[in-house]
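Below is one structure, written out as structure tokens; comments come after it.
Sequence lines set the chain letters: A, B, ... in the order given, protein chains first and strands last, and positions in each chain run from 1.
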There are 2 protein chains.
Amino acid sequence: MPRDHRPAKSVRVLLAEDQGMMRGALALLLGMEEDMEVVAQVSAGDAIVDAALVHRPDVALLDIELPGMSGLDAAAELREQAPDCRVLILTTFGRPGYLRRAMEAGAAGFLVKDGPVEELAAAIRRVLTGETVVDPALAAAALSAGPNPLTARECDVLKASADGATVADVASRLHLSESTVRNYLSSAIGKTGTRNRTEAVREARQQGWL
Amino acid sequence: MPRDHRPAKSVRVLLAEDQGMMRGALALLLGMEEDMEVVAQVSAGDAIVDAALVHRPDVALLDIELPGMSGLDAAAELREQAPDCRVLILTTFGRPGYLRRAMEAGAAGFLVKDGPVEELAAAIRRVLTGETVVDPALAAAALSAGPNPLTARECDVLKASADGATVADVASRLHLSESTVRNYLSSAIGKTGTRNRTEAVREARQQGWL
DNA sequence: ACTCGGGTAGGACAAATGTCACGGCCGACC
DNA sequence: GGTCGGCCGTGACATTTGTCCTACCCGAGT
């Protein structure tokens, strides 16, 4: 029989983060807040939506780089399947393209894992009031950087080339001719203003375009 | 006048971690342990030794990838300048080469950031008793993988090639002839069993050889 | 003294990569 | 209907990359 010694724990939060220690630490911290309760923890991106449907969190705290499914894609799905759940992206890298995609996916906030821990609970409370929380400097960078100039196919080819695959590898993996792969690579190199595929991949990653 | 309501906080720990949120969260968690006190937090590798000399921690919790100086190099320096401070490496990647280098640098333990938070305080207590703490599976992997087959120069060239630099770039950066650079790259590719420099860099990174 | 491994370098060659000009197909937009 | 951009492809070409062989210097070990 709960005798209600504890305060009301009014904020239900879902935590998606693949690093166990980070996930555990954040869960403990948030649990210490008087009004917050971590109702679900997941370590894979494709478990987010399911967990949200079951546990009905008020806010989902999502890492971007997750096994299974990107936190950004999960955010977009949450928007449809659990529209009353606010999404707060929590990521290691403040890439302009990530921020842009997060906003397009309907995220209510975007936090980088630098910055003090206190920001976290504060940000959660702010998004719950309807506020949108992003680092102003980061927002400016995202705006000034402009949108992703790469076509979907160019991104595919860059991603497939990222681990050192040869043109032949990429061609067979994507069911394209080698000529086509080289054309896409060449144009991606041109658009990124780089000198070879390695630099192009690097730059595209840096911008959050992959 | 301290009236000693609190327990004795007998364990002094130094925390080196570049990610602000992670650092803050860990500091809070450790501070909640009855017997532990975080006496110093640093975010750069080259601040570790100084902080240790000032605050005299019993144990230093070091990330590996840090700005300024690697946590592994810092561990080696601590061994000399603060020999009574135990070193516990805490890293994202359980690379065999990292573990090997950590042991050679005199670390008393090696933890990966996966795994539950509870492991952390437990590991700290165990290294303080003189025990060496490493994940057995990881230790086996490190042993079976064998030592780094790359020479110092081959590592240098790989590192310099990592960001997509051309042979000419690397040659001028390292004051070598282009022929020499190509020779080193070729032999590194051979030793790593890969097909090109990108894969070689990838593999060497994976093994913790860079 | 001799060998051996590492660092450095040149040259020659084959393969992979990057560039460019060209073409066809489609869907969207005016 | 026409235009435009994205997708897919070919062929030719210059450049870069990767391989192999040779060679010299040096320090460590036998």
Would you list the protein and nucleotides 15-19 of chain D atom pairs, both N or O, that sit under 3.5 Å from each other?
from	atom 1	to	atom 2	distance (Å)
dT17(D)	OP2	V167(B)	N	3.3
dT17(D)	O5'	R197(B)	NH2	3.3
dG18(D)	OP1	R197(B)	N	3.0
dG18(D)	OP2	R197(B)	NE	2.6
dG18(D)	OP2	R197(B)	NH2	2.7
dG18(D)	O6	R182(B)	NH2	2.6
dT19(D)	OP2	S186(B)	OG	3.0

Look for any protein N or O under 3.5 Å of an N or O in nucleotides 5-7 of chain C and output each such pair with its distance, or none.
from	atom 1	to	atom 2	distance (Å)
dG7(C)	OP2	T151(B)	OG1	2.8

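Here the side chains of L90(B) and F110(B) are not in contact, with every heavy-atom distance at 4.5 Å or above. Considering only heavy atoms from C-beta on, R95(B) stays 4.5 Å or farther from R100(B) through its side chain. Residues L158(A) and L185(A) meet the side-chain proximity criterion, which asks for heavy atoms closer than 4.5 Å. No side-chain heavy atom of E65(A) sits less than 4.5 Å from a side-chain heavy atom of S70(A).
A cation-pi arrangement is absent between R101(B) and Y98(B) under the rule of less than 6.0 angstrom and at most 45 degrees off the ring axis.
Residues T92(A) and Q19(B) bring a donor and an acceptor atom of their side chains to less than 3.5 Å of each other.
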Side-chain donor-acceptor pairs of residues 202-210 of chain A under 3.5 Å, sequence neighbours excluded:
from	atom 1	to	atom 2	distance (Å)
E203(A)	OE2	Q207(A)	NE2	3.2

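Distance E178(B) CD to dT8(C) C1': 14 Å, rounded to the nearest Å. Rounded to whole Å, the distance from CG on N148(A) to P on dG6(D) is 12 Å. As rounded to whole Å, 17 Å separates atom C1' of dG9(D) from atom NE2 of H175(A).
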Candidate pair N183(B) and T180(B), rule side chain to side chain donor-acceptor pair (under 3.5 Å), full reasoning: CA-CA 5 Å; N183(B) 287 338; T180(B) 306; 5.3 Å; no
Step-by-step salt bridge (charged side-chain N to carboxylate O under 4.0 Å, His left out) determination, E119(B) to K113(B): CA-CA 10 Å; E119(B) 264 184 25; K113(B) 287 184 188 168; over 6 Å; no
Criterion salt bridge (charged side-chain N to carboxylate O under 4.0 Å, His left out) on D156(A) and R173(A), from CA distance to verdict: CA-CA 10 Å; D156(A) 291 342; R173(A) 216 188 294 175; over 6 Å; no
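Each end of the helix from dA1(C)-dT30(D) to dC30(C)-dG1(D) gets its own axis from five base pairs, and the two axes differ in direction by 30°, given to 10 degrees.
The side-chain hydrogen bond (donor to acceptor under 3.5 Å, both in side chains) contacts involving residues 120-142 of chain A comprise E33(A)-R125(A), D35(A)-R125(A), R126(A)-E131(A), where partners must be two or more places apart or lie in separate chains.
Contacts between residues 202-210 of chain A and DNA chain C, defined by a heavy-atom separation below 4.0 Å, involve no residue at all.
Comment: K159(A) does not engage E154(A) in a salt bridge, judged by the lack of any side-chain N to carboxylate O separation of less than 4.0 angstrom.
Within the nucleic acid shown, S177(B) comes within 4.0 Å of sugar-phosphate atoms alone, with no base atom in reach, counting heavy atoms only.
Judged by distance alone, the side chain of E37(B) and the main-chain N or O of V39(B) form no donor-acceptor pair under 3.5 Å.
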